[in-house]
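Contents: one structure, followed by commentary.
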Amino acid sequence: MEVTTEISASLLAQQLKILDKISLILGLDSSVREALATPERVIQVKIQVRDKSGKQRVYTGFRSQHNSALGPYKGGVRYSPKVNLEEVMALSMIMTWKNSLLKLPYGGGKGGINLDPRELDATELEKASRVFVREIYEYIGDELDIMAPDINTDSQTITWFMDEYERISRRRDRASFTGKPVELGGIATRVYSTGLGVANIAKLSAEKFIGGIEGKNVIIQGFGNVGSWTAKFLHEMGARIIGISDIYGGVINEKGINPNEALEYLSKTGTVANYPGRKVTNEELLLQQCDILIPAAVENVINKASAPLIKAKLVVEAANGPVTANADEILFSKGIPVIPDILTNSGGVVGSFVEWSNNRSGEIIDEDEAKRLILNRMKESFNSIYSRYEKQGEHNFRTIAMVEAVDRVVNAMRTRGQL
Ligand code: GLU
């Protein structure tokens, strides 16, 4: 019963539990903890679009602006039937910590629409995207809230957002959104920057914890933008991808999966679930023997029930919130390091920062420079967390990263007189 409760417990409950722990370590009193837990603004709007058959479809769009002590809100927008108010609130909080940890001049925000993109064609998706921006127009912008892609959204979605925004403002405003196509001010790295960052953090942690990345067996749950690019980069680094999955299921192939062939297979069949190998469910995939396990899909997949059964030597969180608070403790007690989301998947938002800076400073950064900036920023953060980790063995990697991230936000709020 308890296990079921934990599995279905919201991401928000998980995040609040983590925040409680960090507040205790930092000695924050309950009013400070409350101020950190409460989003500054949450917007909910009705999104109505008429589909091709003439039927009105009604969806709900959300934007949670969690904290802006360090700068304008920053974070993605996801399209999924599972999107709900609590989820975006939790995700916006994760963005606050992520941006703080990476020392970006941003607060945290997150949004979403509870639509299933598989049920809508491009015209309908465009309509929904434009309505969303119209409804939240006053609350977004380059120094207010900068939106970016997330699950099921991409440079096309961002272009619709930006175009609608610019029609209303009657001026070009490239820095108001990130994840744009290159010809509209995007940077070439943005499409792969999250995966590049994940692969590099996996490599750095493999070097510290399991003797290097070469020849190591890797399982990746989720083969979307993040999972597939991570697989490609790790493959190039000499790791062996032995398991992949998507929402339809997964496959294990101990001989190694070539990510490029898997991508080709995906584009032909629409899924990797039937790729040659042993078929497994998404739950089974996580429990297979491997060196590095990379959950790159959705939240709460490694929980109290599955954590004791994990056989990986290292868990690298590419999704936001894939390991629950209880599971984190269990893995720590089993001696399995968990490299947290706020560091691991920060390549996306660090890439966004490079893009935003580039738009504001005259478009002088090229792809190589962008790549270098992203990797350096993430490596610095990894090294700083690792050196503290070595000194204070009693805390896990996430705790150390979170302490640093929360502390920076608390200091900014204190200086502003908010605490
Ligand atoms: N959606 C990504 C994330 O969760 C990127 C956000 C951004 O670039 O603003 O970190």
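Between Asn396 and Asp328, the side chains place a donor N or O and an acceptor N or O closer than 3.5 Å (distance only, hydrogens not considered). Glu380 and Asn376 share no donor-acceptor pair across their side chains, judged by distance under 3.5 Å alone. Counted by atom type alone, Ser53 and Asp51 present one or more donor-acceptor pairs between their side chains at under 3.5 Å. For Asp20 and Ser23, the side-chain atoms include no donor-acceptor pair closer than 3.5 Å. In the model, Thr324 has no side-chain atom that pairs as donor or acceptor with a side-chain atom of Asn303 under 3.5 Å. For the residue pair Ser176 and Asp142, no side-chain donor N or O sits within less than 3.5 Å of a side-chain acceptor on the partner. A side-chain donor-acceptor contact under 3.5 Å links Asn320 and Asn345. A side-chain donor from one of Ser68 and Glu40 sits under 3.5 Å from a side-chain acceptor of the other. In the model, Asn200 has no side-chain atom that pairs as donor or acceptor with a side-chain atom of Lys379 under 3.5 Å.
Aromatic rings from Tyr137 and Phe132 are positioned such that their centres are separated by 6.0 Å or more. Less than 6.0 angstrom separates the ring centroid of Trp356 from the ring centroid of Tyr106.
Applying the salt bridge (charged side-chain N to carboxylate O under 4.0 Å, His left out) test to pairs two or more places apart or on separate chains, those with a residue in residues 103-115 are Lys110-Asp150.
More than 12 heavy atoms of other residues, nucleotides or ligands lie within 6.0 Å of CZ in Arg134, so this atom counts as buried by the packing criterion.
The ring-ring contact (aromatic ring centres under 6.0 Å, His included) check on Tyr139 picks up nothing, with sequence neighbours excluded. With sequence neighbours excluded, the residues satisfying ring-ring contact (aromatic ring centres under 6.0 Å, His included) with Trp97 are His66. Partners of Tyr275 under the ring-ring contact (aromatic ring centres under 6.0 Å, His included) rule, at least two apart in sequence or in another chain, are Tyr265. Taking Glu283 as the reference, nothing meets the salt bridge (charged side-chain N to carboxylate O under 4.0 Å, His left out) condition, with sequence neighbours excluded. Residues meeting the ring-ring contact (aromatic ring centres under 6.0 Å, His included) test with Tyr73, sequence neighbours left out: none.
Salt-bridge formation is not detected for the pair Lys74/Asp145: no Lys NZ or Arg NE/NH1/NH2 atom is positioned less than 4.0 Å from an Asp or Glu carboxylate oxygen. Salt bridge Glu367/Lys371: absent, no basic N to carboxylate O contact under 4.0 Å. Checked for salt-bridge contact, Arg171 and Glu166 miss the test: no charged N lies under 4.0 Å from a carboxylate O. Look at Glu317 and Arg398 and you find a salt bridge, because one of the NZ, NE, NH1 or NH2 atoms lies within 4.0 Å of a carboxylate O, short of that distance.
Ser100 approaches Leu70 most closely through the heavy-atom pair CB-CD1, 3.6 Å. Counting all heavy atoms, side chain and backbone alike, Ala273 lies closest to Lys279 at O-NZ, 3.5 Å. Of all heavy-atom pairs between Glu124 and Lys52, the closest is OE2-N, 3.0 Å.
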Between Ser384 and Glu404, is a side chain to side chain donor-acceptor pair (under 3.5 Å) present by the stated rule, with each step listed?
-> CA-CA 10 Å; Ser384 128; Glu404 192 179 323; 3.3 Å; yes
Any chance you could lay out the side-chain contact (heavy atoms from CB on, under 4.5 Å) test for Gln15 and Leu11, step after step, and finish with the verdict?
-> CA-CA 6 Å; Gln15 287 305 310; Leu11 183 64; 4.3 Å; yes
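In this structure, Phe161 and Phe177 have tilted ring planes: the angle between them lies in the 30° to 60° band.
Relative to the ring axis of Tyr386, Lys208 places its NZ or CZ within 45° and under 6.0 Å from the centre.
With contacts defined as side-chain heavy-atom distances shorter than 4.5 Å, the pair Arg57/Tyr59 qualifies.
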